[in-house]
Structures are given as C-alpha cells and as structure tokens.
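Take a look at the structure set out below.
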Amino acid sequence: MFVIEDCDRESKARAGMLFTPHGDIPTPIFMPVGTLGTVKGILQQDLVEDINAKIILGNTYHLYLRPGTDILRAAGGLHKFISWNRPILTDSGGYQVFSLTGNRKLTAEGAHFKSHIDGSKHLFTPENIVDIQRIIGADIIMAFDECAPWPCEYDYARKSVDLTHQWLDRAVARFRMTDPVWDSEQFLFPIVQGGTYEDLRRESAEKSASSGLAGNAIGGLSVGEPAEEMYRIVEIVNEILPWDKPRYLMGVGTPANLLEAIDRGIDMFDCVMPTRNGRNGMLFTSEGTINIRNRKWIDDFGSIDPEGPSIVSRTYSKAYLRHLVMAGENLGAQIASIHNLAFYLWLVGEARKKIKEGNFRQWKTALVKKVSERL
RNA sequence: GGGGAGAUACCAAAGCGGCCAACUGGGGCAGACUGUAAAUCUGCUGGCGAAUGCCUUCGUAGGUUCGAAUCCUGCUCUCCCCA
C-alpha cells in the first residue's frame, strides 16, 4: 500500500506513494475535510482541477446521521453518491466523542450518542463503525477511538487509552471477518492516543504498531496543547510506529504545524483550518497569514498570493476578495477556501519536492518563519 | 391655511427626572478558529487615559430643579392628515 521513495538526510522527513483502489497519493499529503460528503463550498470539479486534492475526508458519525446508511448503500457508496472518484478517508466519529461531549456517554460496549440534529439516540461500537465505513466504502477507514480532551488528568488519559485499545482489538476483529461492500479494498488505520503523557503514548504506539494494519494514525493532538507538546509527542510516537507504513497526524494543522510534523516523519494530514478559517476571512499564503477583512487590504489590487497556488489566487485581487467577504457574498468564502486548500496542497507538494532534492530542512526553516508571520 | 406626530451617537431604534456616555439591531474596527453541531463566535465602537477617572454629548436657544435625553417656553427642521 505504501512505498517510501526518498528520505531526508537531516530530518525524519520522507517522500512516498500511497496506493489505494481509487488512486495513488504522493506523500506527504494534505487531505481536505469533507465531513458531510462535501468540502464546504467547493465543487468536486474544483478540488480536482484547481486544488488538485488527491484524497478527501468524510465523517462516519455525520454521514450515518445524514443522509444515513440506507441512502449511502442505495447510492452505491460515498464515491458514487458525491461524484468523486479519487480516494476517500473516513474518520470514525472518535473526534465527535470529543467535540460532542455533552451528547454522549461512554461505556465499554461503545459510545451512546444523542444526535445533535434531532436528539435521537444511537449506539456506536467499534464493530458497527467498521460496518458503516464498509457501506460508505472509503479507501481508508479509521478505528473508533476516544479523542481525549486537553488538559487531561493522567487517570482519565489512562482509562481513555485502555478503552481505545479494547475498541481497536474489536475493530480489527470485525474488519478481518468482513469484506468490502463495494468490491474495492479498504485499509483500516488504528489511532494512537494517550494525551501528552509519554508512557501512555509509547504504550499506545506499540499497540498500534502491533496491530499489523496498513497504516497508523496519531490522534488526540491539536486539541489545545502548545505546539511544542504536540511535536514532542509526535517524535516519541514516530520512533515506535513502523517506519515503512504511512503515518497520519489527525486534525493538524497550521502550515507551520505541517512542516514541523513532516520534519518528524509524518506523511498525512487533515484539518478544517483552510476551509473554516477561509470562510472566516483568514488566508494562508506563502508570505504569511492575512485577515482579508482588515481595512488595509481595501485597495490592495495585487493577487491573493504571489505564488499563485490556484487559478483563483492568481485571478482575483485582495481588494476584491475583501469586498466579497465583507459583503457576505458566497463567492468570498468559496475563493478563500479554494485558495487556502490549494496553498496547503502546494505546501505539501513543495515539501515532497524538497525532500527528493535533499534540501528539505533548509527550505522548511525559512518557510516556517515566513508562513507564521501575520501580515 | 388648519390639525397632528416627531427630531437620540455612522444608520435604524429604545429610553421619557437621578441606576444614562445612553438598551438593542445594523454598519465599522479588531481578535479567535487545528480528525467541522461553525459562511461561526468574541471584544471594541463620543474624546483623552493602562486605569479609578476626567471632558463634551440626545435639533437649537433659554428656563424649572440639588439633578434634565427625559419637564416648561421660543426658534429651526422633518413627516402625516385635512383644505
């Protein structure tokens, strides 16, 4: 499923290729988040042609509630339903265990959820989360985990990790005894948890590594802890996770977060930032981040980003985009989202190129400084 | 010409003797957002100050009162109805 093509000499960064039934994915890669079967505000066509997204995410919890598995099954799976023939990864709903805390109750059996839409009750188990993801038909599916909050007491983190590990065993068992619904191979990834506790993270990384699955994910980070803590945990975990399998850092992050994590051996990322922050007027550019609503852009007729990662970044001016966002026009959110995603894809593409050329570290250091600047 | 209603901060609009530098929207100015309950949320928005605070405001000119955006009088302007 995964081949490492080149490794950086000075860092742990690597460039590889991920093979899935719906296409090959060059790594490091950023995966746009499309929770409900849509990357908010963006046409699938633009994802392919302008942004060049290689793979997008869907969310099991959200898709299960709406439109529901009956419709997804009748549609022939999520790929067909949304007219997207490139790879898809579905998150298990573990993050919703975290973000919808008030609506759920955890037991050994699973998570009892109250729908945030109509209050109806549902039970998610490691087994039915695999089943649902079989129906959705994503190329990469995630084990059901508990994403613990931060800060988090040791005792809580301990119990949370144990629960996640028990759930992992059950998910793997279910995964091995079932077949894909859509005649297209699926890969299950386990998720490393353990908060910011080194011993728990080591234990969890070993647990994931021993599962023998096709790839591994690191969860429970970027939930509020300082970035340095996150990097520290990534280093610890990556020493244990198998070198020859893809490593996915869930929910991360800022452009600088991505570069630092790539430096530490991460291959895959997803994050709502480029889309959500874009809708809220924040643009990530090769020169630094800007709040396009700020008055200073009112008559800046220069392009959104001199690097011009997408057609829209080259076509429209900051002044025009500011006008659209200030006026609450849909097109503003759309242009900002497309630009930001294209920038993220450009960023990981450049990282890959630099790793192959052998000058990743130097390039990274300079760029981290630049992209962290507030313009 | 006669009768009526009203003028409050950038706009709209509350307030109708002290708790009013003045509710609330909008607009504006900033900030936040990391496996999406988010095209959302938060703060500020008369001047000066880090702040207790001080200064100048509720069409305008006077007056009553310990105290006025609020009560009285004149003036100016706006809107509505009838001729």
Side-chain angles (χ1 to χ4, degrees), chain A residues 30-42 55-63 65-66 88-104 113-119 129 138 140-150 164 189-193 216-227 229-230 248-258 260-261 266 268-284 289-298 322 324-337 340 344 374:
Chain A
F30 177 79
M31 309 180 281
V33 179
T35 306
L36 276 157
T38 162
V39 176
K40 289 187 194 295
I42 300 175
I55 169 173
I56 62 174
L57 255 69
N59 183 280
T60 306
Y61 166 87
H62 288 285
L63 291 169
L65 288 182
R66 203 160 51 183
I88 295 176
L89 180 152
T90 39
D91 182 30
S92 60
Y95 186 76
Q96 281 61 44
V97 174
F98 158 73
S99 68
L100 298 171
T101 307
N103 289 1
R104 53 78 165 163
F113 264 103
K114 267 204 314 207
S115 160
H116 69 279
I117 301 163
D118 61 7
I129 285 293
I140 300 172
I141 68 178
M142 303 303 298
F144 193 48
D145 65 327
E146 182 193 0
C147 177
W150 186 89
T164 294
F189 282 21
I191 302 172
V192 175
Q193 287 291 344
N216 295 283
I218 306 174
L221 291 176
S222 65
V223 288
E225 80 286 355
E229 279 285 279
M230 175 169 88
Y248 165 28
L249 180 57
M250 307 182 79
V252 174
T254 65
N257 289 162
L258 262 59
E260 293 298 351
I266 296 292
M268 304 161 69
F269 303 90
D270 78 280
C271 190
V272 304
M273 255 193 184
T275 43
R276 181 191 286 168
N277 290 27
R279 288 196 302 279
N280 294 331
M282 187 174 188
L283 300 183
F284 297 98
T289 66
I290 70 182
N291 183 344
I292 198 65
R293 291 176 321 189
N294 287 174
R295 188 166 189 91
K296 59 183 161 188
W297 308 117
I298 198 164
R322 176 180 194 274
L324 292 175
V325 171
M326 292 306 279
E329 284 292 334
N330 292 187
L331 187 59
Q334 194 181 350
I335 290 174
S337 297
N340 280 348
Y344 268 61
R374 188 65 190 262

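Note that these values count all heavy atoms, side chains included, but never hydrogens, waters or copies made by symmetry. Proteins come first, then strands; the chains are lettered A, B, ... in the order of their sequence lines, and each starts at number 1.
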Q: May I ask you to say what A/Arg374 touches in the nucleic acid, namely base, sugar-phosphate or nothing, with a heavy-atom cut-off under 4.0 Å?
A: sugar-phosphate
Q) Given the C1' atoms of B/G27 and B/C10, what is the spacing between them in whole Å? A) 7 Å
**Q.** Those residues that, when tested against A/Tyr248, pass ring pair (Phe, Tyr, Trp, His ring centres under 6.0 Å) (two or more places apart)
**A.** none
**Q.** Residues which pass side chain to side chain donor-acceptor pair (under 3.5 Å) with A/Gln334, listed by chain and number, not counting sequence neighbours
**A.** none
Q | B/C16 and B/A22, which share atom name C1', separated by this distance in whole Å | A | 13 Å
Q. In the structure shown, which nucleotide is the Watson-Crick or G-U wobble counterpart of B/C71, with both distances under 3.5 Å?
A. B/G63
(Q) Under 4.0 Å, heavy atoms only, any strand: does A/Gln193 hit a base, just the sugar-phosphate, or nothing? (A) base
Q: Could you work out the separation of B/G1 and B/C58 based on their P atoms and round it to a whole Å?
A: 31 Å
Q) For residues 327-336 of chain A, which residue pairs qualify under salt bridge (charged side-chain N to carboxylate O under 4.0 Å, His left out), counting only residues two or more places apart or in two chains? A) none
Q) What interatomic distance, in whole Å, is found between P of B/C71 and the corresponding atom of B/A83? A) 33 Å
Q. Say you pick atom C1' in B/U8 and the same atom in B/U56; how far apart are they, in whole Å?
A. 16 Å
Q) How is A/Ile191 classified with respect to the nucleic acid when contacts are heavy atoms under 4.0 Å: base, sugar-phosphate, or nothing? A) base
Q) Hey, does A/Asn59 reach any base, or is it just sugar-phosphate, or nothing, if we go heavy atoms under 4.0 Å? A) sugar-phosphate
Q. Starting at the 5' end of RNA chain B, which residue's closest nucleotide do you reach first, A/Glu329 or A/Asn277?
A. A/Asn277
**Q.** B/A32 pairs with, by Watson-Crick or G-U criteria that keep both distances under 3.5 Å
**A.** B/U40
Q | Test ring pair (Phe, Tyr, Trp, His ring centres under 6.0 Å) applied to A/Phe269 - qualifying residues, sequence neighbours left out | A | none
Q. So what does A/Arg104 hit on the nucleic acid, given a heavy-atom distance under 4.0 Å: a base, only sugar-phosphate, or nothing?
A. nothing
Q | B/G1 pairs with, by Watson-Crick or G-U criteria that keep both distances under 3.5 Å | A | B/C82
Q. Distance between the C1' atoms of B/G25 and B/A13, in whole angstroms?
A. 8 Å
(Q) Once rounded to the nearest 0.5 Å, what's the spacing between atom CZ of A/Arg279 and atom OG of A/Ser337? (A) 6.0 Å
Q) Reckon A/Gln96 touches a base, only the sugar-phosphate, or nothing at all at heavy-atom distances under 4.0 Å? A) sugar-phosphate
(Q) Could you tell me how far B/C72 sits from B/U78 if I compare only their P atoms? Round to whole Å. (A) 24 Å
Q. Counting any heavy atom closer than 4.0 Å, what does A/Arg276 reach on the DNA or RNA strands: base, sugar-phosphate only, or nothing?
A. base
Q: Under 4.0 Å between any heavy atoms, over every strand shown, what does A/Thr275 touch: base, sugar-phosphate, or nothing? Just pick one.
A: base
Q: Just name whichever nucleotide pairs with B/A9, Watson-Crick or G-U, keeping both distances under 3.5 Å, else none.
A: none
Q.
Applying a 4.0 Å non-hydrogen cut-off, can you work out what A/Gly328 is touching in the nucleic acid: base, sugar-phosphate, or nothing?
A. nothing
Q.
Does A/Asp145 reach a base, just sugar-phosphate, or nothing at all? Heavy atoms under 4.0 Å.
A. base
Q. What residues form a side-chain contact (heavy atoms from CB on, under 4.5 Å) with A/Arg104, not counting sequence neighbours?
A. A/Val97, A/Thr101, A/Leu106, A/Phe113, A/Glu146, A/Tyr156
Q.
Is it true that A/Gln96 and A/Asn103 share a donor-acceptor pair across their side chains at a distance under 3.5 Å?
A. no
Q: Answer with base, sugar-phosphate or nothing: what part of the nucleic acid does A/Met230 contact at a heavy-atom distance below 4.0 Å?
A: nothing
Q) Across the strands shown, which category fits A/Asp270 at heavy-atom distances under 4.0 angstrom: base, sugar-phosphate, nothing? A) sugar-phosphate
Q: Hey, which sits more toward the 5' end of RNA chain B by its nearest nucleotide, A/Lys40 or A/Arg295?
A: A/Arg295
Q) Going through the checks in order, is the side-chain contact (heavy atoms from CB on, under 4.5 Å) test met by A/Trp297 and A/Ile290? A) CA-CA 9 Å; A/Trp297 308 117; A/Ile290 70 182; 3.7 Å; yes
Q. Roughly how far apart, to the nearest Å, are B/U60 and B/C11 at atom C1'?
A. 22 Å
Q | Where chain A begins and ends its contact with RNA chain B, read 5' to 3' at 4.0 Å from heavy atoms | A | B/G28 to B/U40
Q: Measure the spacing between CG of A/Leu89 and CD1 of A/Ile55 and express it to the nearest 0.5 Å.
A: 5.0 Å
